[in-house]
Amino acid sequence: MPNVVVVGLQWGDEGKGKVVDIYTQFADLVVRFQGGSNAGHTIIVDDVKTVLHLLPSGILHQNKICVIGSGVTVDPDILWQEIEAVKQSGHLSDESLLRISYEAAVISRYHKALDDASEQSMGERKIGTTKRGIGPSYEERVARRGIRIKDLLSRKTLEEKLRHNLKYANFLLKEYYQVSDTFSVEDELDYLCEFGKKLKPFMEDTSLLVYSEIKRGRNVLFEGAQGTMLDLDYGTYPFVTSSNTIAGAASTGTGVGPGMIERVLGIVKAYTTRVGMGPFPTELEDEVGQRLRDVGKEYGATTGRPRRCGWLDAVLLRYALRLNGVTNLALTKLDVLTGLPKIKICTGYKYQGKIYDEYPYSETVFNNSEPVYEELAGWSEPIGEIRDFDELPAAAKRYVRRIEDLAGIKFSFVSVGPKRGDSLVLRNPFRE
Ligand code: GDP
Ligand code: IMO
Ligand code: MG
(Lines give C-alpha, C1' and ligand atoms only; values in the text may rest on other atoms or scores of the structure.)
(Ligands and ions follow the chains in the order given, each with its own letter.)
Protein backbone atom coordinates (compact mmCIF):
# COMPACT_ATOMS: atom_id res chain seq x y z
CA MET A 1 0.00 0.00 0.00
CA PRO A 2 1.23 3.52 -0.75
CA ASN A 3 2.00 6.32 1.70
CA VAL A 4 -0.30 9.33 1.74
CA VAL A 5 0.22 13.06 2.35
CA VAL A 6 -2.76 15.06 3.65
CA VAL A 7 -2.74 18.78 2.82
CA GLY A 8 -5.15 21.72 2.99
CA LEU A 9 -5.98 23.24 -0.38
CA GLN A 10 -7.11 26.68 0.80
CA TRP A 11 -5.94 29.04 3.59
CA GLY A 12 -5.93 26.42 6.37
CA ASP A 13 -8.66 25.11 8.67
CA GLU A 14 -10.09 22.84 5.97
CA GLY A 15 -10.61 20.05 8.51
CA LYS A 16 -7.20 18.34 8.34
CA GLY A 17 -7.48 17.16 11.95
CA LYS A 18 -10.76 15.40 11.32
CA VAL A 19 -9.67 13.82 8.03
CA VAL A 20 -6.31 12.62 9.41
CA ASP A 21 -8.09 11.16 12.43
CA ILE A 22 -10.43 9.21 10.12
CA TYR A 23 -7.71 7.86 7.82
CA THR A 24 -5.36 6.98 10.68
CA GLN A 25 -7.24 3.67 10.86
CA PHE A 26 -5.46 2.63 7.63
CA ALA A 27 -2.00 3.89 8.69
CA ASP A 28 0.71 2.69 11.07
CA LEU A 29 2.45 6.05 11.45
CA VAL A 30 1.15 9.62 11.38
CA VAL A 31 3.85 12.21 10.71
CA ARG A 32 3.64 16.02 10.97
CA PHE A 33 6.12 17.63 8.57
CA GLN A 34 5.96 21.44 8.87
CA GLY A 35 4.47 24.36 10.75
CA GLY A 36 4.22 24.58 14.48
CA SER A 37 1.71 25.62 17.09
CA ASN A 38 0.22 28.12 14.64
CA ALA A 39 -1.82 25.06 13.58
CA GLY A 40 -5.03 24.11 15.36
CA HIS A 41 -6.41 20.74 14.29
CA THR A 42 -9.78 19.81 15.78
CA ILE A 43 -11.02 16.29 16.36
CA ILE A 44 -14.37 15.50 17.98
CA VAL A 45 -14.90 11.96 19.24
CA ASP A 46 -17.84 11.01 21.46
CA ASP A 47 -18.65 14.69 22.03
CA VAL A 48 -15.13 15.29 23.39
CA LYS A 49 -13.32 18.02 21.48
CA THR A 50 -9.52 17.91 21.18
CA VAL A 51 -7.56 20.71 19.53
CA LEU A 52 -4.02 19.70 18.56
CA HIS A 53 -1.33 22.24 17.73
CA LEU A 54 1.77 20.07 17.51
CA LEU A 55 0.80 16.47 18.15
CA PRO A 56 -0.13 14.54 15.00
CA SER A 57 -3.87 13.97 14.63
CA GLY A 58 -3.40 10.20 14.90
CA ILE A 59 -2.74 10.56 18.63
CA LEU A 60 -6.28 9.57 19.67
CA HIS A 61 -5.82 6.10 18.16
CA GLN A 62 -4.13 3.24 19.91
CA ASN A 63 -0.91 1.65 18.67
CA LYS A 64 -0.11 4.23 16.03
CA ILE A 65 3.34 5.81 15.97
CA CYS A 66 3.01 9.60 15.93
CA VAL A 67 6.01 11.54 14.67
CA ILE A 68 6.93 15.23 14.77
CA GLY A 69 9.27 15.60 11.83
CA SER A 70 12.34 17.76 11.29
CA GLY A 71 10.37 20.37 9.33
CA VAL A 72 8.23 21.26 12.34
CA THR A 73 9.11 24.09 14.70
CA VAL A 74 8.35 22.99 18.24
CA ASP A 75 7.31 25.22 21.13
CA PRO A 76 8.30 22.83 23.95
CA ASP A 77 5.95 24.49 26.43
CA ILE A 78 2.91 24.02 24.19
CA LEU A 79 4.01 20.50 23.23
CA TRP A 80 4.41 19.52 26.87
CA GLN A 81 0.97 20.89 27.77
CA GLU A 82 -0.48 18.95 24.87
CA ILE A 83 1.23 15.70 25.88
CA GLU A 84 -0.15 16.09 29.41
CA ALA A 85 -3.64 16.89 28.13
CA VAL A 86 -3.89 13.84 25.87
CA LYS A 87 -2.54 11.60 28.64
CA GLN A 88 -5.10 13.08 31.01
CA SER A 89 -7.84 12.05 28.59
CA GLY A 90 -6.53 8.49 28.46
CA HIS A 91 -4.37 8.57 25.32
CA LEU A 92 -0.65 8.04 24.73
CA SER A 93 -0.45 5.46 27.49
CA ASP A 94 2.61 4.11 25.68
CA GLU A 95 5.00 7.07 25.49
CA SER A 96 7.28 5.29 23.04
CA LEU A 97 4.62 5.88 20.38
CA LEU A 98 5.38 9.61 20.24
CA ARG A 99 8.67 10.41 18.47
CA ILE A 100 10.18 13.86 17.94
CA SER A 101 12.90 14.55 15.40
CA TYR A 102 16.27 15.58 16.85
CA GLU A 103 16.40 18.09 14.00
CA ALA A 104 13.08 19.86 14.62
CA ALA A 105 13.38 23.60 15.23
CA VAL A 106 12.62 25.11 18.63
CA ILE A 107 10.51 28.09 19.62
CA SER A 108 11.43 29.84 22.81
CA ARG A 109 9.90 32.85 24.52
CA TYR A 110 11.99 35.39 22.66
CA HIS A 111 10.69 34.13 19.30
CA LYS A 112 7.15 34.88 20.42
CA ALA A 113 8.17 38.34 21.65
CA LEU A 114 9.82 39.02 18.28
CA ASP A 115 6.71 37.83 16.41
CA ASP A 116 4.53 40.14 18.49
CA ALA A 117 6.87 43.12 18.18
CA SER A 118 7.23 42.65 14.43
CA GLU A 119 3.47 42.56 13.95
CA GLN A 120 2.97 45.66 16.06
CA SER A 121 5.65 47.58 14.22
CA MET A 122 4.04 46.87 10.84
CA GLY A 123 0.76 48.62 11.62
CA GLU A 124 -1.50 48.44 8.56
CA ARG A 125 0.94 46.13 6.77
CA LYS A 126 0.87 43.45 9.45
CA ILE A 127 0.42 39.83 8.40
CA GLY A 128 -1.97 38.89 11.16
CA THR A 129 0.21 36.04 12.43
CA THR A 130 -0.81 33.74 15.24
CA LYS A 131 2.04 35.30 17.31
CA ARG A 132 3.31 31.83 18.13
CA GLY A 133 6.87 32.69 17.14
CA ILE A 134 6.78 30.72 13.90
CA GLY A 135 8.41 33.32 11.61
CA PRO A 136 11.28 34.27 13.96
CA SER A 137 12.10 30.61 14.65
CA TYR A 138 12.22 29.65 10.97
CA GLU A 139 14.20 32.82 10.25
CA GLU A 140 16.87 31.66 12.69
CA ARG A 141 16.92 28.25 11.05
CA VAL A 142 17.42 29.71 7.59
CA ALA A 143 20.11 32.01 9.00
CA ARG A 144 21.86 28.84 10.28
CA ARG A 145 21.66 29.96 13.87
CA GLY A 146 18.61 27.90 14.78
CA ILE A 147 18.10 25.91 17.96
CA ARG A 148 17.16 22.29 17.32
CA ILE A 149 15.42 19.89 19.65
CA LYS A 150 18.64 17.93 20.21
CA ASP A 151 20.32 21.13 21.45
CA LEU A 152 18.03 21.04 24.49
CA LEU A 153 20.09 18.08 25.67
CA SER A 154 23.37 19.97 25.81
CA ARG A 155 23.54 22.95 28.15
CA LYS A 156 26.86 23.96 26.60
CA THR A 157 25.66 23.99 22.97
CA LEU A 158 22.46 25.68 23.95
CA GLU A 159 24.28 28.35 25.90
CA GLU A 160 26.53 29.14 22.96
CA LYS A 161 23.57 29.42 20.61
CA LEU A 162 21.51 31.46 23.02
CA ARG A 163 24.37 33.85 23.69
CA HIS A 164 24.66 34.53 19.99
CA ASN A 165 20.94 34.58 19.20
CA LEU A 166 19.85 36.63 22.18
CA LYS A 167 22.43 39.32 21.46
CA TYR A 168 20.67 39.77 18.15
CA ALA A 169 17.11 39.26 19.41
CA ASN A 170 17.54 41.63 22.35
CA PHE A 171 19.04 44.26 20.09
CA LEU A 172 16.03 43.99 17.80
CA LEU A 173 13.55 44.11 20.67
CA LYS A 174 15.16 47.02 22.43
CA GLU A 175 16.66 49.17 19.71
CA TYR A 176 14.66 48.40 16.60
CA TYR A 177 11.18 47.57 17.88
CA GLN A 178 11.69 49.59 21.05
CA VAL A 179 9.69 47.27 23.29
CA SER A 180 10.81 46.80 26.84
CA ASP A 181 11.02 43.02 27.28
CA THR A 182 14.43 41.50 26.62
CA PHE A 183 15.64 38.03 27.60
CA SER A 184 18.59 36.82 29.66
CA VAL A 185 20.71 33.88 28.52
CA GLU A 186 20.46 32.28 31.97
CA ASP A 187 16.65 32.40 32.06
CA GLU A 188 16.17 31.04 28.55
CA LEU A 189 18.81 28.40 29.18
CA ASP A 190 17.13 27.14 32.35
CA TYR A 191 13.73 27.28 30.68
CA LEU A 192 14.79 25.26 27.61
CA CYS A 193 16.99 22.78 29.51
CA GLU A 194 14.02 21.93 31.72
CA PHE A 195 12.04 20.95 28.61
CA GLY A 196 15.07 19.10 27.28
CA LYS A 197 14.86 16.77 30.29
CA LYS A 198 11.13 16.27 29.86
CA LEU A 199 11.27 15.67 26.10
CA LYS A 200 14.43 13.55 25.99
CA PRO A 201 12.57 10.19 26.04
CA PHE A 202 10.63 11.21 22.92
CA MET A 203 13.61 12.30 20.78
CA GLU A 204 14.71 10.11 17.89
CA ASP A 205 16.30 10.02 14.44
CA THR A 206 12.83 10.08 12.89
CA SER A 207 14.03 10.05 9.28
CA LEU A 208 15.60 6.65 9.96
CA LEU A 209 12.53 5.51 11.90
CA VAL A 210 10.03 6.40 9.16
CA TYR A 211 12.29 4.99 6.44
CA SER A 212 12.74 1.72 8.32
CA GLU A 213 9.02 1.42 8.98
CA ILE A 214 8.21 1.97 5.30
CA LYS A 215 10.80 -0.64 4.36
CA ARG A 216 9.03 -3.06 6.71
CA GLY A 217 5.83 -2.50 4.75
CA ARG A 218 4.20 -0.13 7.19
CA ASN A 219 1.97 2.71 5.96
CA VAL A 220 2.54 6.35 6.66
CA LEU A 221 0.09 9.24 6.72
CA PHE A 222 1.92 12.55 6.44
CA GLU A 223 -0.06 15.36 8.05
CA GLY A 224 0.28 18.88 6.70
CA ALA A 225 -0.58 22.06 8.54
CA GLN A 226 -1.93 25.39 7.26
CA GLY A 227 -2.99 25.35 3.62
CA THR A 228 -1.63 25.75 0.09
CA MET A 229 -2.44 29.46 -0.14
CA LEU A 230 -0.35 30.04 3.01
CA ASP A 231 2.70 28.36 1.45
CA LEU A 232 5.80 30.53 1.82
CA ASP A 233 6.62 30.41 -1.89
CA TYR A 234 3.35 29.68 -3.68
CA GLY A 235 0.74 31.29 -1.42
CA THR A 236 -0.47 34.87 -1.28
CA TYR A 237 3.00 36.18 -0.38
CA PRO A 238 3.76 38.07 1.86
CA PHE A 239 0.51 37.13 3.63
CA VAL A 240 1.63 33.55 4.19
CA THR A 241 3.24 31.45 6.88
CA SER A 242 7.00 30.86 7.09
CA SER A 243 7.10 27.24 5.87
CA ASN A 244 6.26 25.35 2.72
CA THR A 245 2.84 23.87 3.27
CA ILE A 246 2.47 21.97 0.01
CA ALA A 247 2.85 18.21 -0.33
CA GLY A 248 6.49 18.42 -1.46
CA ALA A 249 7.38 19.58 2.05
CA ALA A 250 6.41 16.15 3.37
CA SER A 251 9.68 14.90 1.96
CA THR A 252 12.00 17.68 3.13
CA GLY A 253 10.17 17.96 6.46
CA THR A 254 10.64 14.30 7.35
CA GLY A 255 13.80 13.21 5.56
CA VAL A 256 11.87 10.63 3.55
CA GLY A 257 12.58 10.70 -0.19
CA PRO A 258 9.74 11.65 -2.57
CA GLY A 259 9.90 8.24 -4.22
CA MET A 260 8.46 6.76 -1.03
CA ILE A 261 5.38 8.99 -1.05
CA GLU A 262 2.84 8.04 -3.64
CA ARG A 263 -0.47 9.71 -2.87
CA VAL A 264 -1.70 13.15 -1.95
CA LEU A 265 -5.07 13.68 -0.31
CA GLY A 266 -6.13 17.31 -0.66
CA ILE A 267 -8.83 18.73 1.57
CA VAL A 268 -11.20 21.41 0.38
CA LYS A 269 -13.82 23.07 2.54
CA ALA A 270 -17.19 23.53 0.80
CA TYR A 271 -16.60 27.29 1.00
CA THR A 272 -13.49 29.34 1.76
CA THR A 273 -12.12 30.81 4.98
CA ARG A 274 -9.04 32.76 5.90
CA VAL A 275 -7.66 34.05 9.21
CA GLY A 276 -5.28 36.99 9.22
CA MET A 277 -4.66 39.63 6.58
CA GLY A 278 -4.19 39.33 2.82
CA PRO A 279 -6.19 39.12 -0.38
CA PHE A 280 -9.29 36.91 -0.58
CA PRO A 281 -11.22 37.42 -3.85
CA THR A 282 -14.39 35.53 -2.91
CA GLU A 283 -14.70 37.00 0.61
CA LEU A 284 -18.26 37.82 1.65
CA GLU A 285 -18.50 40.80 3.96
CA ASP A 286 -22.28 40.55 4.12
CA GLU A 287 -24.94 38.50 5.88
CA VAL A 288 -24.08 35.37 3.85
CA GLY A 289 -20.48 35.58 5.11
CA GLN A 290 -21.72 36.09 8.65
CA ARG A 291 -24.01 33.11 8.27
CA LEU A 292 -21.15 30.88 7.13
CA ARG A 293 -19.15 32.07 10.16
CA ASP A 294 -22.03 31.40 12.57
CA VAL A 295 -23.17 28.04 11.20
CA GLY A 296 -19.63 26.82 10.46
CA LYS A 297 -18.36 28.09 13.85
CA GLU A 298 -15.57 29.79 11.96
CA TYR A 299 -13.43 31.06 14.79
CA GLY A 300 -9.70 30.21 14.91
CA ALA A 301 -8.84 26.99 16.79
CA THR A 302 -5.53 28.58 17.86
CA THR A 303 -6.28 32.26 18.36
CA GLY A 304 -10.09 32.41 18.56
CA ARG A 305 -10.12 35.11 15.88
CA PRO A 306 -13.20 35.23 13.62
CA ARG A 307 -12.36 33.65 10.27
CA ARG A 308 -13.12 35.61 7.12
CA CYS A 309 -15.61 33.60 5.00
CA GLY A 310 -16.50 33.44 1.32
CA TRP A 311 -17.51 31.25 -1.61
CA LEU A 312 -15.51 28.33 -2.93
CA ASP A 313 -12.83 29.46 -5.37
CA ALA A 314 -12.27 26.91 -8.15
CA VAL A 315 -9.37 28.87 -9.62
CA LEU A 316 -7.44 28.51 -6.37
CA LEU A 317 -8.59 24.91 -6.09
CA ARG A 318 -7.09 24.00 -9.46
CA TYR A 319 -3.90 25.88 -8.58
CA ALA A 320 -3.67 23.91 -5.33
CA LEU A 321 -4.35 20.58 -7.09
CA ARG A 322 -1.45 21.31 -9.42
CA LEU A 323 1.03 22.45 -6.75
CA ASN A 324 0.34 19.46 -4.55
CA GLY A 325 -0.08 16.84 -7.27
CA VAL A 326 -3.34 15.86 -5.60
CA THR A 327 -4.49 12.31 -6.33
CA ASN A 328 -7.40 12.13 -3.86
CA LEU A 329 -9.86 14.75 -2.66
CA ALA A 330 -11.82 15.29 0.55
CA LEU A 331 -14.70 17.72 0.96
CA THR A 332 -15.56 19.11 4.40
CA LYS A 333 -18.32 21.19 5.98
CA LEU A 334 -20.90 20.51 3.27
CA ASP A 335 -23.57 20.67 6.00
CA VAL A 336 -22.77 24.34 6.65
CA LEU A 337 -24.26 25.28 3.27
CA THR A 338 -27.69 23.83 4.14
CA GLY A 339 -30.38 26.49 3.99
CA LEU A 340 -28.67 28.81 1.51
CA PRO A 341 -31.02 29.38 -1.43
CA LYS A 342 -28.13 29.87 -3.88
CA ILE A 343 -24.51 28.74 -3.73
CA LYS A 344 -21.76 30.31 -5.82
CA ILE A 345 -18.47 28.96 -7.13
CA CYS A 346 -15.81 31.28 -8.49
CA THR A 347 -14.56 30.00 -11.84
CA GLY A 348 -12.39 32.93 -12.93
CA TYR A 349 -11.21 36.44 -12.14
CA LYS A 350 -12.07 39.52 -14.17
CA TYR A 351 -9.55 42.33 -14.33
CA GLN A 352 -9.71 45.26 -16.78
CA GLY A 353 -12.07 43.35 -19.04
CA LYS A 354 -9.91 40.22 -19.21
CA ILE A 355 -10.90 36.88 -17.64
CA TYR A 356 -8.22 34.90 -15.84
CA ASP A 357 -8.93 31.25 -15.23
CA GLU A 358 -5.50 30.42 -13.79
CA TYR A 359 -4.11 31.90 -10.57
CA PRO A 360 -2.49 35.11 -11.82
CA TYR A 361 1.19 35.67 -11.03
CA SER A 362 0.45 39.40 -10.83
CA GLU A 363 -0.51 40.59 -7.37
CA THR A 364 -2.21 43.60 -8.97
CA VAL A 365 -4.52 41.33 -10.93
CA PHE A 366 -5.23 38.99 -8.00
CA ASN A 367 -5.77 41.77 -5.48
CA ASN A 368 -8.03 43.89 -7.65
CA SER A 369 -9.99 41.42 -9.75
CA GLU A 370 -13.67 40.64 -9.55
CA PRO A 371 -14.61 36.98 -9.13
CA VAL A 372 -16.64 35.46 -11.95
CA TYR A 373 -19.28 33.22 -10.41
CA GLU A 374 -21.47 30.37 -11.49
CA GLU A 375 -24.55 29.86 -9.37
CA LEU A 376 -26.03 26.60 -8.19
CA ALA A 377 -29.28 25.86 -6.38
CA GLY A 378 -29.05 25.29 -2.64
CA TRP A 379 -30.91 22.76 -0.49
CA SER A 380 -32.82 23.14 2.74
CA GLU A 381 -32.73 19.63 4.26
CA PRO A 382 -30.28 19.06 7.13
CA ILE A 383 -27.64 16.52 6.03
CA GLY A 384 -25.66 15.94 9.24
CA GLU A 385 -27.23 12.52 9.86
CA ILE A 386 -26.75 11.20 6.34
CA ARG A 387 -24.22 8.37 5.99
CA ASP A 388 -24.85 7.31 2.38
CA PHE A 389 -23.81 9.67 -0.40
CA ASP A 390 -26.84 8.75 -2.53
CA GLU A 391 -29.17 9.97 0.20
CA LEU A 392 -27.90 13.54 0.02
CA PRO A 393 -30.43 16.03 -1.38
CA ALA A 394 -30.20 16.25 -5.18
CA ALA A 395 -28.91 19.85 -5.05
CA ALA A 396 -26.17 18.89 -2.57
CA LYS A 397 -25.09 16.04 -4.86
CA ARG A 398 -25.08 18.44 -7.82
CA TYR A 399 -22.82 20.83 -5.88
CA VAL A 400 -20.41 18.02 -4.99
CA ARG A 401 -20.38 16.70 -8.58
CA ARG A 402 -19.77 20.18 -9.94
CA ILE A 403 -16.67 20.57 -7.75
CA GLU A 404 -15.47 17.15 -8.93
CA ASP A 405 -15.94 18.29 -12.54
CA LEU A 406 -14.00 21.49 -11.95
CA ALA A 407 -11.24 19.58 -10.14
CA GLY A 408 -11.17 16.59 -12.47
CA ILE A 409 -10.98 14.27 -9.42
CA LYS A 410 -13.72 12.36 -7.58
CA PHE A 411 -14.09 12.81 -3.83
CA SER A 412 -12.72 10.10 -1.55
CA PHE A 413 -14.37 11.63 1.48
CA VAL A 414 -17.29 13.95 2.22
CA SER A 415 -17.75 15.39 5.70
CA VAL A 416 -21.23 16.40 6.85
CA GLY A 417 -20.55 17.43 10.45
CA PRO A 418 -17.73 18.03 12.93
CA LYS A 419 -17.77 14.64 14.67
CA ARG A 420 -15.71 11.62 13.69
CA GLY A 421 -18.85 9.78 12.65
CA ASP A 422 -20.28 12.58 10.48
CA SER A 423 -18.38 11.22 7.52
CA LEU A 424 -18.97 9.60 4.16
CA VAL A 425 -15.82 7.58 3.47
CA LEU A 426 -16.09 6.83 -0.25
CA ARG A 427 -12.55 5.72 -1.09
CA ASN A 428 -9.44 4.74 0.82
CA PRO A 429 -6.49 6.74 -0.53
CA PHE A 430 -4.13 4.00 0.67
CA ARG A 431 -5.78 1.72 -1.89
CA GLU A 432 -7.19 3.83 -4.75
P1 GDP B 1 -7.76 22.06 10.47
O2 GDP B 1 -6.85 23.13 10.97
O3 GDP B 1 -7.68 21.88 9.00
O4 GDP B 1 -7.58 20.75 11.20
O5 GDP B 1 -9.24 22.56 10.78
P6 GDP B 1 -9.76 23.24 12.15
O7 GDP B 1 -9.89 22.19 13.18
O8 GDP B 1 -8.95 24.44 12.47
O9 GDP B 1 -11.15 23.78 11.67
C10 GDP B 1 -12.14 22.95 11.18
C11 GDP B 1 -13.38 23.13 12.07
O12 GDP B 1 -14.50 22.61 11.42
C13 GDP B 1 -13.27 22.40 13.39
O14 GDP B 1 -13.99 23.11 14.36
C15 GDP B 1 -13.95 21.07 13.09
O16 GDP B 1 -14.52 20.48 14.26
C17 GDP B 1 -15.04 21.51 12.15
N18 GDP B 1 -15.45 20.54 11.12
C19 GDP B 1 -14.67 19.65 10.43
N20 GDP B 1 -15.42 19.01 9.49
C21 GDP B 1 -16.67 19.53 9.61
C22 GDP B 1 -17.89 19.31 8.89
O23 GDP B 1 -17.96 18.53 7.94
N24 GDP B 1 -18.96 20.03 9.29
C25 GDP B 1 -18.94 20.93 10.30
N26 GDP B 1 -20.03 21.59 10.61
N27 GDP B 1 -17.80 21.16 10.99
C28 GDP B 1 -16.69 20.48 10.63
P1 IMO C 1 -4.13 25.02 10.48
O2 IMO C 1 -3.06 23.97 10.42
C3 IMO C 1 -5.29 29.07 9.35
C4 IMO C 1 -2.12 32.08 9.17
C5 IMO C 1 -2.18 33.21 10.18
C6 IMO C 1 -1.57 34.33 9.36
C7 IMO C 1 -0.48 33.61 8.56
C8 IMO C 1 0.91 33.70 9.19
O9 IMO C 1 -4.96 24.99 11.69
O10 IMO C 1 -4.91 25.05 9.20
P11 IMO C 1 2.01 32.51 11.31
O12 IMO C 1 1.63 32.52 12.75
O13 IMO C 1 2.06 31.17 10.69
O14 IMO C 1 3.28 33.28 11.05
O15 IMO C 1 0.84 33.34 10.57
O16 IMO C 1 -0.88 32.25 8.51
N17 IMO C 1 -2.14 30.71 9.75
C18 IMO C 1 -3.21 29.89 9.71
N19 IMO C 1 -4.45 30.11 9.26
N20 IMO C 1 -4.95 27.86 9.81
C21 IMO C 1 -3.70 27.63 10.25
O22 IMO C 1 -3.27 26.40 10.60
C23 IMO C 1 -2.76 28.68 10.24
N24 IMO C 1 -1.47 28.80 10.62
C25 IMO C 1 -1.10 30.05 10.30
O26 IMO C 1 -3.49 33.49 10.56
O27 IMO C 1 -2.50 34.81 8.43
MG1 MG D 1 -6.94 24.88 12.12
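Position 1 is the first residue of the sequence; numbering continues from there. Just the heavy atoms: all of them, side chains too, but no hydrogens, waters or symmetry mates, feed the values below. Start at 1 and go down the list; that is how both ligands and their atoms are numbered.
- A distance limit of 4.0 angstrom between heavy atoms and ligand 1 selects the residues D13, E14, G15, K16, G17, K18, G40, H41, T42, I44, A301, R307, K333, D335, V336, S415, V416, G417, P418.
- Although no hydrogens or angles enter the test, the distance criterion places a donor-acceptor pair under 3.5 Å between the side chain of N38 and the main chain of G36.
- Taking a cutoff of 4.0 Å between a charged side-chain nitrogen and a carboxylate oxygen, R308 and E285 do not qualify as a salt bridge.
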- Test side chain to side chain contact (heavy atoms under 4.5 Å, CB included) applied to T206 and I100, step by step: CA-CA 7 Å; T206 54; I100 306 169; 5.9 Å; no
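- Looking only at distances, a side-chain donor or acceptor of T24 sits under 3.5 Å from a matching main-chain atom of V20.
- For residues 385-398, every residue pair satisfying the side-chain hydrogen bond (donor to acceptor under 3.5 Å, both in side chains) rule, not counting sequence neighbours, is listed here: R387-D422.
- Both tests do not hold together for R109 against F183: distance to the six-membered ring centre under 6.0 Å, angle to the ring axis within 45°.
- For a distance bound of 2.8 Å, the N, O or S atoms of G40 include one lying that close to the Mg ion (ligand 3).
- The two atoms that bring Y271 and G310 nearest to each other are CB-O, 3.3 Å, heavy atoms only.
- Enumerated by chain and number, the residues approaching ligand 2 to less than 4.0 Å through a heavy atom are W11, G12, D13, K16, N38, A39, G40, H41, I127, G128, T129, T130, A225, Q226, L230, V240, T241, V275, G276, R305.
- For residues 407-432, the pairs satisfying ring-ring contact (aromatic ring centres under 6.0 Å, His included) are Y23-F413, with sequence neighbours left out.
- The closest side-chain donor-acceptor pair between K18 and S423 falls under 3.5 angstrom.
- The Mg ion (ligand 3) lies closest to atom OD1 when only the N/O/S atoms of D13 are considered.
- With N244 contributing its side chain and A249 its backbone, the two residues share no donor-acceptor pair below 3.5 Å.
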